[in-house]
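Keep in mind that this is a model prediction, so the values were computed, not measured. Counting starts at 1 for both ligands and their atoms, following the listed order.
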Amino acid sequence: MAMVSLNCASLSSTSAFASGRKFGSSAYQSRAARISKCGYVKVTAAAQKERSYKVTLLPGDGIGPEIMNVAVDVMRTVGDREGIKFEFTEKLVGGAAIDETGVPLPDDTLEACRASDAVLLAAIGGYKWDSNPPHLKPETGLLGLRAGLEVFANLRPAAVLPQLADASTLKREVAEGVDIMVVRELIGGIYFGEPRGFGVNEGGHRYAYNTMVYSVPEIDRIARVAFETARKRQGRLCSVDKANVLQVSQLWRERVTAIGKDEYPDVELSHMYVDNAAMQLVRNPKQFDTIVTGNLFGDILSDISAQLSGSIGMLPSSSMSESGPGLFEPIHGSAPDIAGQDKANPLAQVLSAAMLLKYGLGETKAAGLIEAAVATALDKGYRTGDLMSSGKTLVGCKKMGDILLETLETSSRVTV
Ligand SMILES: NC(=O)c1ccc[n+]([C@@H]2O[C@H](COP(=O)([O-])OP(=O)(O)OC[C@H]3O[C@@H](n4cnc5c(N)ncnc54)[C@H](O)[C@@H]3O)[C@@H](O)[C@H]2O)c1
Ligand SMILES: CC(C)[C@H](C(=O)O)[C@@H](O)C(=O)O
Ligand SMILES: [Mg+2]
């Protein structure tokens with residue numbers, strides 16, 4: 001399949017969103033220029049020409065279908081306005097797939113994802129499947145999907161929107177202005193390392209083990225994505241590891257240092273142990289610009305970073321491979337405690353759709369319109385329960401979606 005595959009990460013517009021800057025039409029460039037500025041865009045040449053894209057939707061479990069409905073409505077509305085066509089195909093993954101087909105990642109789901117221009121996932125998992133054997137867990141489906149799409153580079157932007165500075169559990173002066181990009185290696189490390197499993201030792205005691213392993217090519221490719229990303233942001237990269245204890249981290253540090261010295265001398269590189277990084281993220285998050293780390297540490301640090309922004313319900317992510325479609329998903333889970341109650345915050349899902357448009361398809365203007373609609377809804381004081389504070393208007397998931405659609409439709413009447 002002919003792909004447009006560009007290697008420069010232009011991720012600074014997340015900062016524009018974080019700082020509440022407006023997305024004026026003067027900022028928009030011609031389509032060709034937009035695509036060349038927008039790293040990681042990988043769509044077929046035909047899709048790009050026609051502005052007609054195949055998007056596989058994976059609503060998954062728990063709050064997944066609720067937040068996916070909102071994101072799809074928003075994409076349709078923006079698509080109508082901008083002349084972009086979406087061919088949506090919905091597929092099963094996670095617990096929903098187990099119930100329907102007996103496996104968490106049916107072959108036809110992976111095939112559809114591979115054949116699309118981009119994949120939008122909501123979330124998987126739930127109590128019902130928690131005690132299933134490993135191969136029948138929803139999480140195994142998600143990991144299989146990431147591995148099957150070879151999306152090794154997971155970008156998780158954690159920005160404190162000005163409107164939400166008071167929603168953070170940190171003091172305003174600590175939270176305000178935070179704008180961090182966590183670059184997480186997604187298809188290696190302890191999540192996938194072999195050997196792994198359960199056993200019984202000579203003393204008759206059960207034990208379990210996993211292997212944290214990274215090869216040089218795996219470290220080098222994620223390091224390059226992180227350096228490129230940092231270069232487009234404030235030019236500072238902090239590599240997080242546990243090199244005081246783990247050999248895998250010693251190799252990680254050695255390779256990141258070498259790549260920085262040889263290829264990115266303009267990017268300021270620092271190293272931090274993961275325990276200290278967790279503490280520093282809460283103590284003084286503004287010291288960070290871009291963070292690069294392995295799969296497990298990235299999972300943990302991105303949830304900490306999410307809470308800086310006020311709620312995990314706000315944080316989107318994009319996961320990119322070297323040449324296939326990108327996978328876009330919020331960083332939160334299926335929130336089984338609030339599923340089916342119309343309480344979920346759909347904004348991380350909607351912002352994941354914006355990342356899909358921007359980084360997956362090169363549709364920067366449409367992405368900007370979605371980001372602007374989210375900012376407007378928050379400016380008007382609408383909040384789902386996770387972000388609610390006094391003086392704001394409490395809304396449910398569906399209502400938040402309606403407000404976004406109204407905002408998009410109103411702004412279209414004003415600007416057309
Ligand atoms: N990418 C994914 O699909 C993904 C990510 C994380 C966890 N999970 C799975 O989700 C299930 C639940 O995991 P968990 O409880 O540890 O994490 P979770 O992210 O689902 O929920 C943690 C807390 O945050 C709240 N929350 C999460 N998203 C929210 C949203 N959009 N709006 C409002 N509140 C929100 C939840 O109500 C809960 O109190 C597990 O099965 C887990 O494996 C899936
Ligand atoms: C559900 C789980 C497998 C997943 C992960 O650990 O990567 C989740 O926590 C995430 O952050 O996307
Ligand atoms: Mg996680």
Side-chain angles (χ1 to χ4, degrees), residues 58-71 92-98 104-105 119-132 134 136-147 151-156 158 164 167 169 182-192 210 293-307 309-319 327-353 374 383-388 394-401:
L58 305 174
D61 308 317
I63 60 170
E66 300 168 54
I67 57 178
M68 182 64 93
N69 283 342
V70 173
L92 294 166
V93 71
I98 295 170
L105 180 63
V119 180
L120 185 64
L121 167 74
I124 53 83
Y127 313 129
K128 182 177 172 187
W129 307 280
D130 274 351
S131 45
N132 280 11
L136 292 180
K137 279 186 177 293
E139 290 76 4
T140 304
L142 175 60
L143 298 182
L145 177 69
R146 290 171 178 171
V151 286
F152 69 95
N154 179 215
L155 280 78
R156 298 188 158 193
L164 296 182
T169 39
V182 178
V183 180
R184 170 189 179 194
E185 198 292 324
L186 200 62
I187 56 171
I190 197 164
Y191 275 54
F192 291 90
N210 291 86
T293 191
N295 208 342
L296 179 62
F297 300 156
D299 180 44
I300 298 164
L301 295 183
S302 59
D303 264 31
I304 298 178
S305 310
Q307 186 51 40
S309 75
S311 167
I312 197 165
M314 288 302 298
L315 259 67
S317 83
S318 79
S319 304
L327 172 66
F328 300 83
E329 52 173 317
I331 80 154
H332 63 69
S334 58
D337 52 334
I338 56 166
Q341 300 169 43
D342 193 35
K343 286 184 179 165
N345 181 349
L347 297 181
Q349 185 71 46
V350 168
L351 292 171
S352 298
V374 169
R383 300 284 186 274
T384 42
D386 54 318
L387 292 170
M388 187 57 190
L394 180 65
V395 292
C397 179
K398 278 178 77 173
K399 179 72 183 165
M400 184 59 99

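Interatomic distance, CG of N295 versus CD1 of I190, reported as 9.5 Å (0.5 Å rounding). Distance check: W129 CH2 to K137 NZ gives 11.5 Å after rounding to the nearest 0.5 Å.
In terms of distance to the Mg ion (ligand 3), the nearest N, O or S atom of D299 is named OD1.
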Quick one: ligand 2 N/O to protein N/O pairs below 3.5 Å?
| residue | atom | partner | partner atom | Å |
| --- | --- | --- | --- | --- |
| ligand 2 | 6 (O) | Y191 | OH | 2.5 |
| ligand 2 | 7 (O) | R146 | NH1 | 2.7 |
| ligand 2 | 7 (O) | R184 | NH1 | 3.2 |
| ligand 2 | 7 (O) | R184 | NH2 | 2.8 |
| ligand 2 | 9 (O) | D299 | OD1 | 3.1 |
| ligand 2 | 11 (O) | R156 | NH1 | 3.1 |
| ligand 2 | 11 (O) | R156 | NH2 | 3.1 |
| ligand 2 | 11 (O) | D299 | OD1 | 2.8 |
| ligand 2 | 12 (O) | R146 | NH2 | 2.7 |
| ligand 2 | 12 (O) | R156 | NH2 | 2.9 |

Quick check for students: name every N or O atom pair between ligand 1 and the protein closer than 3.5 Å, with distances.
| residue | atom | partner | partner atom | Å |
| --- | --- | --- | --- | --- |
| ligand 1 | 1 (N) | E329 | OE1 | 3.1 |
| ligand 1 | 3 (O) | I124 | N | 2.9 |
| ligand 1 | 10 (O) | I124 | O | 3.3 |
| ligand 1 | 10 (O) | S334 | N | 3.1 |
| ligand 1 | 10 (O) | S334 | OG | 3.3 |
| ligand 1 | 19 (O) | G333 | N | 2.7 |
| ligand 1 | 20 (O) | G333 | N | 3.4 |
| ligand 1 | 20 (O) | S334 | N | 3.3 |
| ligand 1 | 20 (O) | A335 | N | 2.8 |
| ligand 1 | 28 (N) | H332 | ND1 | 3.4 |
| ligand 1 | 31 (N) | H332 | NE2 | 3.2 |
| ligand 1 | 31 (N) | N345 | O | 3.0 |
| ligand 1 | 32 (N) | N345 | N | 2.9 |
| ligand 1 | 37 (O) | D337 | OD1 | 2.8 |
| ligand 1 | 37 (O) | D337 | OD2 | 3.0 |
| ligand 1 | 39 (O) | D337 | OD2 | 2.9 |
| ligand 1 | 41 (O) | G126 | N | 3.3 |
| ligand 1 | 41 (O) | E139 | OE2 | 3.0 |
| ligand 1 | 43 (O) | E139 | OE2 | 2.4 |

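For T384 (side chain) and G396 (main-chain N/O), no donor-acceptor pair under 3.5 Å exists by modelled atom type. A donor-acceptor contact shorter than 3.5 Å links the side chain of S305 to the backbone of L301.
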Next item on the list: Check the pair M400 / D342 against side chain to side chain contact (heavy atoms under 4.5 Å, CB included), numbers first and verdict last.
Entry: CA-CA 10 Å; M400 184 59 99; D342 193 35; over 6 Å; no
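Here the closest non-hydrogen pair linking I124 and G94 is CG2-CA, 3.7 Å. Listed here is the closest heavy atom pair of A122 and P330: O-CD, 3.5 Å.
In the model, Y191 has a side-chain atom that pairs as donor or acceptor with a side-chain atom of D299 under 3.5 Å. If you check the side chains of S319 and N154, you find a donor sitting under 3.5 Å from an acceptor.
Electrostatic pairing of R156 and E329 does not count as a salt bridge here, judged by no charged N lying under 4.0 Å from a carboxylate O.
The distance from the Mg ion (ligand 3) to the nearest N/O/S atom of D303 is not under 2.8 Å.
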